[in-house]
Amino acid sequence: MISVKQELNYDVNPFIVIWEVTRACALKCLHCRAEAQYKADPRQLSFDEGKKLIDEIAGMDNPLFVFTGGDPLMRPDLFDLAKYAIDEKGLPVSMTPSATPKVTKEAIQKAKDVGLSRWAFSLDGSCAEIHDHFRGTKGSYDRTMKGIEYLKELNIPIQVNTTISKYNLHDLEAIAEKVKEMGTVLWSTFFLVPTGRGMEKDMVSPEEHEEVMKWLYQIQQTMPYGVKTTEAPHYRRVFHQEKERLGESGIAKRSDLLGRAPKFVNDGDGFVFISHTGDVYPSGFLPVVCGNVREQSLSEIYQNSPVMKQLRDKSLLKGKCGVCEFKHMCGGSRARAYAMTGDYLESDPSCSYIPKALR
């Protein structure tokens, strides 16, 4: 249950915590934030350190908790950690594994038995040619489709993650249809941030960001699944503007706890990321270290890190974002601002909107 205190204020506790349990992964994705490697880093948090971290996360008003990587399934004690988080601490846990031969029906059954509330697969193309190119691994698309069939058979809610880039901009309509065919509950779209292996040349333009977001608004009205964006907080502005422009009475409420925050979330503001070695970041796409859980508690880092505190203070935003009338609703992608300007308080370079103050 989300407390009223947390609904109103992310200064104390985050809405969502993501833990990169390992950097190990068998794929070579073009955009990989983690620059994943084939073998686990010997410095990654141990099982006991993981349990201690889970204790701390549960003490932060039981936020949503996600295992990511690399590939979480490359961690042998993954299901033991998940069982501890769910059974002992009552955390709502989901996972984003890679589509590799480790995604067996047995592995998915084990996840269901443990009580993982959702399984998220990445789909970056409506066909093997586009998806496999993006994932850097032949056969990834087929394994994703097989994994999704297993999820359907075992009646586990499906989330599909898609990174929007130059490689699949032309394919988004087909992907949206594919997501519908799969019986997905949530389509989570990630707008590429040039960090890790992601390159600036792979990003869509500010104008294309705007067009895609207007299109996503339409998709949200017509498709049976929810739509969520990551590193695209300006979707909130577009959503608001399109709703006003079209005179929509609003979107039907969906009981989708894992996709919906009660208040706008941004990097370091309702959102926190722990790396495989325990470093704490405002998000996985904003690689500014705010502390390490081996040295300080997660809550201490989240609440008191100067970087986190700056990110939660929208009066510190610079340039166009600083004067924008939507800055409290949006705030721009702090990760993209950092990746492209070196300053996480600068304007988000992917936004084409001109604030009223500058017209």
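Here the structure is a predicted model, which is why all the values come from computation and not from measurement.
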Specify whether [X] and [Y] have parallel, tilted or perpendicular ring planes, treating 30° as the upper limit for parallel and 60° as the lower limit for perpendicular.
| X | Y | answer |
| --- | --- | --- |
| Trp119 | Phe121 | tilted |
| Tyr10 | Phe15 | tilted |
| Trp215 | Trp187 | perpendicular |
| Phe65 | Trp19 | parallel |

Neighbour count above 12 (heavy atom, 6.0 Å) for Glu153 CD: yes

Heavy atoms from other residues, nucleotides or ligands near CD of Glu49 exceed 12 (cutoff 6.0 Å): yes

Arg312 to Tyr302 six-membered ring, cation-pi geometry met (6.0 Å, 45°): yes

Over-ring placement of Lys110 relative to Phe79, 6.0 Å and 45° cut-offs: no

Between His133 and Tyr167, ring centroids under 6.0 Å: yes

Side chain to side chain contact (heavy atoms under 4.5 Å, CB included) assessment of Phe273 paired with Ile18: CA-CA 5 Å; Phe273 180 96; Ile18 298 195; 3.8 Å; yes

Nearest-0.5 Å distance, OH of residue Tyr225 to OG of residue Ser188: 12.0 Å

Rounded distance (nearest 0.5 Å) linking atom OG1 of Thr162 with atom NE2 of His131: 9.5 Å

